[in-house]
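Notes for the one structure printed next.
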Amino acid sequence: MNMAVGVLALQGSFNEHIAALRRLGVKGVEIRKPEELDNVSSLIIPGGESTTMAKLAELHNLFPALREFVKLGKPVWGTCAGLIFLANKAYGQKTGGQELIGGIDCTVHRNYFGSQLQSFEAELSVPVVVSKEGGPETFRGIFIRAPAVLEVGPEVEVLAEYPVPSTNVLYSSSGVQIQEENGVPENKVIVALKQGNLLATAFHPELTADTRWHSYFLKMASEAGEGTSSSIVPVSGNLSYEEKQRIDLPIYQ
């Protein structure tokens with residue numbers, strides 16, 4: 001049976017992800033209820049307000065189904081708030097008590113880069129994605145009240161990092177707190193990572209015209225589905241190159 005790519009549609013930029021999938025000729029399905037996960041082979045958890053998304057997920061009793069989806073090894077990609085959900089540990093402003101899905105052996109600092117006013121764009125070195133998808137050597141990451149990954153386990157593959165001044169970091173690990181004025185373990189934070197069939201980015205690829213991250217994830221999903229009866233469903237009809245590149249929603253150039 002053919003399966004589509006699910007996009008968690010509780011809140012946030014799920015429409016933009018579905019539009020990006022459409023430009024690649026792939027059908028995206030909005031997911032709001034646990035039983036709807038049975039109809040998709042992979043899942044994207046979009047950026048948004050993680051506290052609000054968590055409350056809505058609890059309301060719809062989605063967390064057990066999402067954890068089972070991850071446990072079964074199905075491909076999942078989390079962007080921004082989605083990264084927070086996929087982390088095994090998260091802390092920072094308003095994170096206390098927020099329920100997580102888990103799966104990636106990492107520690108995330110929510111709102112690491114500051115408030116909405118501290119949102120920014122930056123050119124990121126993404127050699128793994130470039131090696132698979134081609135295109136420019138860098139990817140323009142859009143960071144909107146973004147998290148950052150401060151620690152990862154040995155099974156995690158780091159896909160992108162962002163340099164930060166040491167004075168910007170408030171770091172806590174193993175009971176040792178390092179305040180802004182003190183030294184920090186390193187001058188970079190992780191903003192994209194992969195562990196098994198789980199992918200996470202602190203930035204928003206869905207808000208750009210560059211679909212390489214979506215293509216990268218689709219290839220992950222296809223590889224995970226090899227040897228099974230499931231495959232990714234194309235959108236109706238055969239899209240031309242121009243149609244695939246068409247911008248369906250307002251996005252950053």
Any idea which heavy atoms bring Val40 and Val5 closest together, and the distance?
CG1-C, 4.1 Å

For side-chain contact (heavy atoms from CB on, under 4.5 Å), just list the numbers for His204 and Ile144, CA-CA rounded to whole Å, side-chain angles, deciding distance to a tenth of an Å, and then say yes or no.
CA-CA 8 Å; His204 290 264; Ile144 302 174; 4.1 Å; yes

Nearest heavy atoms of Ala90 and Ile84, plus distance in Å
CB-CG2, 4.1 Å

Between Arg67 and Glu99, is there a side-chain heavy-atom distance shorter than 4.5 Å?
yes

side-chain contact (heavy atoms from CB on, under 4.5 Å) assessment of Val128 paired with Tyr216:
CA-CA 10 Å; Val128 173; Tyr216 179 80; 3.8 Å; yes

Does anything in residues 113-138 form a ring-ring contact (aromatic ring centres under 6.0 Å, His included)? List the pairs, not counting sequence neighbours.
Phe113-Phe120, Phe113-Phe143, Phe113-Tyr162, Phe120-Phe143, Phe120-Tyr162

Within this structure, what is the CD-CG distance for the pair Glu157 and Leu199, rounded to the nearest 0.5 Å?
9.5 Å

Below 4.5 Å, heavy atoms only, C-beta onward: do Val158 and Val149 meet side chain to side chain?
no

Within the supplied structure, the quantity of interest is the number of heavy atoms (other residues, nucleotides, ligands) at a distance under 6.0 Å from Glu137 CD; does it exceed 12?
no

Can you list the residues that meet the side-chain hydrogen bond (donor to acceptor under 3.5 Å, both in side chains) rule with Thr138, with sequence neighbours excluded?
Glu123

Students often mix this up, so state it plainly: with edges at 30° and 60°, are the rings of Phe217 and Trp77 parallel, tilted or perpendicular?
tilted

Asn88 side-chain N/O to Gly103 backbone N/O, donor-acceptor pair under 3.5 Å
yes

Atom pair CG (Leu207) and CD1 (Ile142), whose distance is rounded to the nearest 0.5 Å:
5.0 Å

For a side chain to side chain contact (heavy atoms under 4.5 Å, CB included) with Pro205, tell me which candidate from Thr79, Asp210, Thr211 qualifies.
Thr79

When every non-hydrogen atom of Ala221 is compared with those of Pro75, the smallest separation belongs to CA-CG, 3.6 Å

Given side-chain contact (heavy atoms from CB on, under 4.5 Å), test Leu8 with Leu62 step by step and report yes or no.
CA-CA 10 Å; Leu8 193 64; Leu62 267 164; 4.1 Å; yes

If you look at every heavy atom in Ala160 and Val126, which pair is closest and at what distance?
CB-CG1, 4.0 Å

To the nearest 0.5 Å, what is the distance between CZ on Phe139 and CG on Leu159?
12.5 Å

For side chain to side chain donor-acceptor pair (under 3.5 Å), just list the numbers for Ser50 and Arg145, CA-CA rounded to whole Å, side-chain angles, deciding distance to a tenth of an Å, and then say yes or no.
CA-CA 11 Å; Ser50 62; Arg145 201 168 58 178; over 6 Å; no

Test item: Leu37 and Glu68 side chains (from C-beta on) under 4.5 Å apart, heavy atoms
no

Parallel, tilted or perpendicular: which describes the rings of Trp213 and Phe203, with under 30° parallel and over 60° perpendicular?
perpendicular

Correct closest heavy-atom pair for Pro147 and Val108 would be CB-CG1, 3.7 Å

Return the CG to CG distance between Leu86 and Leu198, rounded to the nearest 0.5 Å.
6.0 Å

Per side chain to side chain donor-acceptor pair (under 3.5 Å), Glu133 is matched among Arg212, His214, Lys219 by Lys219

Hey, can you tell me if His109 and Tyr91 have their rings parallel, tilted or perpendicular (30° and 60° cut-offs)?
perpendicular

Ion pair present between Lys55 and Glu49, side-chain N to carboxylate O less than 4.0 angstrom?
no

Applying side-chain contact (heavy atoms from CB on, under 4.5 Å) to Lys89 and Leu100, what does each step give before you reach the verdict?
CA-CA 8 Å; Lys89 297 178 184 177; Leu100 302 174; 5.8 Å; no

Please determine, by modelled atom types, if Ser13 and Glu206 share a side-chain donor-acceptor pair under 3.5 angstrom.
yes

4.5 Å side-chain heavy-atom contact, Ile101 and Ile45
yes

Ignoring hydrogens and angles, write down the donor-acceptor pairs under 3.5 Å from the side chains of residues 190-197, residues two or more places apart or on other chains.
residue	atom	partner	partner atom	Å
Lys194	NZ	Gly196	O	3.1
Gln195	OE1	Asp105	N	2.7
Asn197	ND2	Gly73	O	2.5

Distance (rounded to the nearest 0.5 Å) between Glu35 CD and Asn61 CG
10.0 Å

Taking atom CD of Gln11 and atom CZ of Arg32, what is their separation to the nearest 0.5 Å?
11.5 Å

Taking all non-hydrogen atoms of both residues into account, name the closest pair between Leu124 and Gly141 and its distance.
CD1-CA, 4.1 Å

